[in-house]
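In what follows, a structure is listed as structure tokens, so that the remarks can point back to it.
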Amino acid sequence: MRQNRKIKFGDVPAGVASTRSEELRHRKRERVGRPVSVEYGSDEGSEAENERIASGERTVDMGKIRLRARQLASVRESLPVYQVKDELLAQIKPSKVCVLIGETGSGKSTQIPQFLMDTSPKGIAVTQPRRVAAINLATRVAEEHGCVLGREVGYSVRFNNVSNKRTKLKYITDGMLLRELMLDPMLSRYSTVIIDEAHERTILTDLLLGFLKDLVFNKRQNDQFQVIIMSATLDADKFSQFFNNAPIFFVEGRMYPVERLYLPQPVEDIVDTVTKTVVQLNQTEPTGDILCFLSGQEDIDKIVDMLAKLAPILPKEAPILVPVPLYAALPSHVQMEVFKKLKPNQRKVILATNIAETSITVPGIRYVVDSGLRKVKVWRHQLGLSTLLIAPISKASAAQRAGRAGREAPGKCYRLYRESDYLKLSDNTEPEILRSDVVSPVLMLKKMGVNDILKWHWLENPGRDSLVAALHQLYSLNALNDRGQITELGQQLVVLPVAPHLAAVLIRASTLGCLGPVIDIVACLSVDNLLMSPPSERRDEVNEQRRETCKLGSIHGDLVMLKELFDLFNSFADIDEKKDWCRQLCLNYKGFKDVERVRRQISEYMKMLKMDEADSETDFDATLVLKAFVSGFITNTAIGMPDRSYRTLATGDLVSIHPSSLLFGQRKPAIMYIEYVYTVKGYARAVSAIDLEWLQEVAPHLLGTREKV
DNA sequence: GAGCACTGC
């Protein structure tokens, strides 16, 4: 750390008032409700317990459940949204579509669906972008409603359906609702669909809104069918306009004021600035934990190290700083550290990525330190690769981060940028669909019978180039015919719970007779952070050990390595043995447990498509398996050049084997890779050695039209 | 000779 120059934040009071009113300015909406101070904790039910109850075990004590519901009634009644129940219902009722803005703590996600339960003729679906949110909400609402989870109130997420045909209110991830929509385009089970957290603008939410527009105004126009869009931010006009000027309602939340403080000058070194700000804040501010938002793991680890070193030598009058990292790649038991209660003379400092903005809510936060940065993955459809960039956040995101300090008491937010920089930020984060690969969305549209995807009523049109690139990809997979219609194969791909390219590999594998091992590999590929990067001092040793362990992988590449690792994982009978082995090779034990789950699911879906892995060859044949993969990743192939570099077959672009690959440093005539990412240069990840002759065999319809694909 | 934010089926 450089010489301890103090970090100065500008004069606050005026700035605070103006910023606050800035963020409130757009609220020229019909206001219902007034701010109320209540505690609204989220009691978490154990998932295992819920499953047991929902599976019909008759040890349920209904008396106890009803008593608990009565106890919760007073909490419910004090929620902002409850106070305006009748007024709100009277306004919502007559509209086929409405937009409801409810701030954090308003109780909209738990209460409004319950209000509608008695009058809704059929089921109510409430979508959530994340699984845990759907599960927690359903658990809470079942408790409030006084029923067993999975009966009148339930949930449906991947791997877990705790609902039945009679379930009236179902919390569901938007991915699962889309899946239901594919099977039943009318969504005939439901009379109300509530899209929650619409402001997050995930791809799946955007798609749902598009399909719902068609349903509510055309297909189920004369039916009793209602759509409610819930958003936490004020950018509701977009939704309203999209649904033919649907009415907008506003419910106030229960948030404490958060003072915003800015720096007078921009800073260069964010790691240094965050560290100094935390130390300074610790000495001057009363009790309360600190949450810092940073762009990624690298900066977080550096700050954690620095604070850990500084903590023992700081003045003893101030609380002792306890730094805690928080990002998705951390094992879950390490993530749980953020919830740990500390001694009274300690102060928790959480160094987090965007994961703390929406996915994980940490209690006890009074101070937020915001770097104003995040990492964002941007898809370049012209090049068929993705890049990971550090970018400034939006105003909406800055407000969300600041809000994390005001959940339990008034708080402060230290923004490590100037107020003038804040004012220059865009209002909202760019919708995900504009910076993503749209192969899968386009296939879904085709499945739903949309002919002209360029002119479809997209909530946000991804743009001609992006859509055309996706159409080409789908055509090259044989998912679309040359008239752009979905093929029999396309119908199969859309069902499988993996990306279309990987789905194509699965189908191909079943005809080649190697479905079993291919499911293993595809399951491994769909789990993040399965192979963890070893700490620098163990790097060479671990790499060597992995090469030793995976003899075939060292020749054929990473896909075959995954198969070898998964087989070995399964060969240990004892859990502790498995864990030891994972530690040795720096593998993620929980990751492999997830692989097993995904594997089971894929296997079930393949059976549904009448493809059975029992038909697989008994001996593992690496060539056969890689041929299956080439059929899905024909555009991700490159030829080895005399100067040791590789050039992509499709465009001739330079590509290098990523150093994390087992094939790194090896020369092969040709390679195929699952992912192509650009950082300092174009890197191929998950690389396999292939034979060029396979291309002719696997995809004769593509060779010769290469420049078009 | 690198370094991956986050989520979903």
Notebook entry, point to check: From the list B:dA2, B:dC9, B:dC6, which nucleotide is the closest neighbour of the side chain of A:P659?
Noted result: B:dA2

Check: Hey, is the side chain of A:S656 poking within less than 4.0 Å of OP1 or OP2 on B:dG1, counting only N and O atoms?
Finding: no

Checklist line | Sugar-phosphate only, base, or nothing, as touched by A:D174 at under 4.0 Å among non-hydrogen atoms | finding: nothing

Check: If every non-hydrogen atom of A:Q400 is compared with every non-hydrogen atom of A:E357, which pair is closest and at what distance?
Finding: NE2-O, 2.8 Å

Next item on the list: Choose from B:dA2, B:dC9, B:dG8 the nucleotide whose nearest atom is closest to any side-chain atom of A:R130.
Entry: B:dG8

Note to self: So if I take every side-chain heavy atom of A:R179 and compare against B:dG1, B:dC9, B:dC4, which nucleotide ends up nearest?
What the structure shows: B:dC9

Notebook entry, point to check: Nearest of B:dG1, B:dG8, B:dC6 to any side-chain atom of A:R131?
Noted result: B:dG8

Note to self: Quick check: on DNA chain B, is the nucleotide nearest A:Y683 upstream (toward 5') of the one nearest A:S295, or the reverse? Name the residue that is more 5'.
What the structure shows: A:Y683

Note to self: Would you say A:Q601 places a side-chain N or O within less than 4.0 Å of OP1 or OP2 belonging to B:dC9?
What the structure shows: no

Notebook entry, point to check: Quick one: is B:dC4 close enough that its OP1 or OP2 comes under 4.0 Å of any side-chain N or O from A:S533?
Noted result: no

Check: Where the side chain of A:I355 is defined as all heavy atoms beyond and including C-beta, which of B:dC9, B:dT7, B:dA5 is the nearest nucleotide?
Finding: B:dT7

Margin query: I want to verify a distance call: between B:dA5, B:dC6, B:dA2, whose nearest atom is closest to the A:H658 side chain?
Written below: B:dA2

Item checked: Of the listed nucleotides B:dT7, B:dC9, B:dC4, the one nearest the side chain of A:N529 -> B:dC4

Check: Looking at A:V369, A:L373, A:D370, which hits side-chain contact (heavy atoms from CB on, under 4.5 Å) with A:L416?
Finding: A:V369

Check: Within 45° of the axis and under 6.0 Å from the centre of the six-membered ring of A:Y422, does NZ or CZ of A:R415 qualify?
Finding: yes

Note to self: Applying the side-chain contact (heavy atoms from CB on, under 4.5 Å) criterion to A:L204, which one of A:T173, A:L178, A:I433, A:L209 satisfies it?
What the structure shows: A:L178

Margin query: Determine whether the aromatic ring centres of residues A:H501 and A:F633 are separated by less than 6.0 angstrom.
Written below: yes

Check: Does a nitrogen or oxygen in the side chain of A:S440 sit under 4.0 Å from OP1 or OP2 of B:dC9?
Finding: no

Notebook entry, point to check: Out of B:dC4, B:dC6, B:dC9, which nucleotide sits closest to the side chain of A:A328?
Noted result: B:dC6

